[in-house]
Amino acid sequence: MKKFIIILVTLLLPFGGRLGGGLCSAQLLYEVYGNSAAAKSYILATNRYIDQTFIDSIPNCFACFEQCERVITEFALEDYEALATLRQAALLPDSIRLTDLFSSSDYDYIKEAFATLVELNLDELGRMKPSYLAALYRDELMRRWLFPDESRSMATFFQRSGLAAQEVAERRFSDSGLSAEGGLPVIGLDNASETMYIAFDREPLAWQCLELKKVIDYPEREVQQEKTIREMYRNGRLMDIAFQVEGPDNETSISYSDYRVFCQRNEQWAKRLTPYLKQGRTFVTLDAVYLGGDKGLLAQLKAQGFRIRPVNRRIKIK
């Protein structure tokens with residue numbers, strides 16, 4: 001189950017699509033207020049290939065977190081019943097095997113690639129959908145070249161709110177008195193059926209096969225893309241991430257083709273976030289690729305009537 005959770009994160013986090021627009025320029029943490037909200041809430045942009053210690057460098061991040069009563073993220077990773085459902089959804093229909101989707105030569109080529117890099121026998125994975133296999137292969141590429149310790153990713157730090165509360169208290173980021181035991185409730189923006197669609201069914205099987213082959217054929221593209229985005233994120237260059245993802249030169253498996261799914265999700269997420277943001281004291285943590293642009297989540301929330309501004313050293317935390 002742990003490996004499946006890691007692959008699920010791989011499948012879900014990157015699908016950002018277009019990021020153009022001004023709201024995300026050189027900022028990682030935003031406060032949300034107005035629209036009859038009882039108190040401020042906060043939205044943190046994350047990157048899964050950056051260690052959690054990077055959070056220390058984001059001004060007021062822990063001070064904002066300590067004021068909040070709930071954490072909202074893309075998918076609640078501790079919902080093991082939903083994860084079991086998703087695991088089942090990663091399987092091909094009973095009547096289809098992976099060998100039915102590829103020529104014998106292509107299958108042997110993919111099998112050898114998995115044996116070499118992932119050290120798994122493809123025959124034992126023959127019922128998994130190509131989208132899952134592509135994410136599994138891509139995850140191993142990133143693990144070897146970018147970020148070997150998934151458990152220390154900043155992207156899931158606040159999702160695991162019990163651990164986050166404990167670490168915040170132990171590392172003495174403030175004198176807020178956060179409990180080291182209880183933590184905060186974690187709420188997912190997507191339900192299981194929507195997550196299944198995004199992860200495994202947003203593309204037909206024929207297209208999934210092409211994507212799997214692409215990741216294996218051109219692994220350097222995938223790694224270099226994430227290296228570039230990671231460095232842009234570290235420097236707060238979120239507008240540059242926009243062009244990196246949606247640009248015509250992007251030939252990786254995560255590109256402008258995800259744009260329509262991205263737009264639909266942001267519109268739904270903005271509606272689902274609205275009641276929580278009106279309650280206030282909500283800490284939203286999402287991959288940076290979801291936030292900017294005319295169709296980005298920040299713009300969608302602004303259209304709902306919320307006011308949004310970056311949190312920095314000049315803003316007093318109350």
Side-chain angles (χ1 to χ4, degrees), residues 16 19-47 54-76 154-155 157-159 161 164-165 168 173-179 183-190 233 236-239 241-242 262-263 265-318:
L19 299 171
L23 281 171
C24 276
S25 180
Q27 300 294 337
L28 299 175
L29 180 65
Y30 292 85
E31 64 178 16
V32 184
Y33 59 104
N35 198 16
S36 303
K40 291 179 181 178
S41 294
Y42 303 93
I43 299 179
L44 173 67
T46 64
N47 182 290
F54 182 79
I55 301 171
D56 298 353
S57 68
I58 302 175
N60 293 319
C61 188
F62 285 104
C64 294
F65 173 70
E66 289 162 9
Q67 298 179 74
C68 292
E69 299 172 354
R70 66 193 64 84
V71 176
I72 295 185
T73 187
E74 184 172 353
F75 182 79
M154 70 172 298
F157 180 80
F158 290 109
Q159 294 181 43
S161 58
V168 170
F173 284 110
S174 77
D175 298 324
S176 66
L178 266 174
S179 169
L184 303 177
V186 179
I187 302 165
L189 285 172
D190 279 345
Y233 177 88
R237 296 162 50 200
L238 302 191
M239 282 296 296
I241 295 177
F262 163 77
C263 296
R265 293 179 87 199
N266 276 335
E267 187 175 352
Q268 293 172 348
W269 284 356
K271 293 177 181 177
R272 290 171 185 169
L273 273 173
T274 293
Y276 294 109
L277 296 178
K278 286 193 173 184
Q279 291 177 42
R281 302 190 184 282
T282 296
F283 194 88
V284 183
T285 171
L286 292 168
D287 193 277
V289 297
Y290 294 124
L291 298 184
D294 295 338
K295 301 293 185 180
L297 184 62
L298 296 181
Q300 296 282 355
L301 291 173
K302 191 174 181 181
Q304 295 281 346
F306 292 101
R307 299 183 67 183
I308 299 172
R309 68 180 179 183
V311 173
N312 55 48
R313 293 181 178 85
R314 296 183 298 278
I315 295 176
K316 184 177 181 181
I317 304 297
K318 296 181 180 180

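Sequence positions, counted from 1, serve as the residue numbers for this chain.
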Look only at the side chain of Thr73 and the backbone of Gln159, and say whether a donor-acceptor pair between them is shorter than 3.5 Å.
no

d(Thr282 OG1, Tyr42 OH) to nearest 0.5 Å is 11.0 Å

For Gln304, the side chain to side chain donor-acceptor pair (under 3.5 Å) test, sequence neighbours excluded, returns none

Are Leu189 and Arg265 side-chain neighbours, meaning at least one heavy-atom pair lies under 4.5 Å?
no

List the residues meeting side chain to side chain donor-acceptor pair (under 3.5 Å) with Thr285, not counting sequence neighbours, and say none if there are none.
none

Within the 4.5 Å heavy-atom criterion, are Ile43 and Leu301 side-chain neighbours or not?
yes

Applying ring-ring contact (aromatic ring centres under 6.0 Å, His included), name anything that partners Phe54, two or more places apart in sequence or on another chain.
Tyr233

Residue list, ring-ring contact (aromatic ring centres under 6.0 Å, His included) with Phe283, at least two apart or on another chain:
Phe65, Phe158

List the residues meeting side chain to side chain contact (heavy atoms under 4.5 Å, CB included) with Glu69, not counting sequence neighbours, and say none if there are none.
Arg281

With sequence neighbours left out, write down each residue that passes side chain to side chain contact (heavy atoms under 4.5 Å, CB included) with Ala37, or none if nothing qualifies.
none

Is there side-chain contact between Ile58 and Met154, with at least one heavy-atom pair below 4.5 Å?
yes

Side chain to side chain, Leu273 and Phe306, heavy atoms closer than 4.5 Å:
no

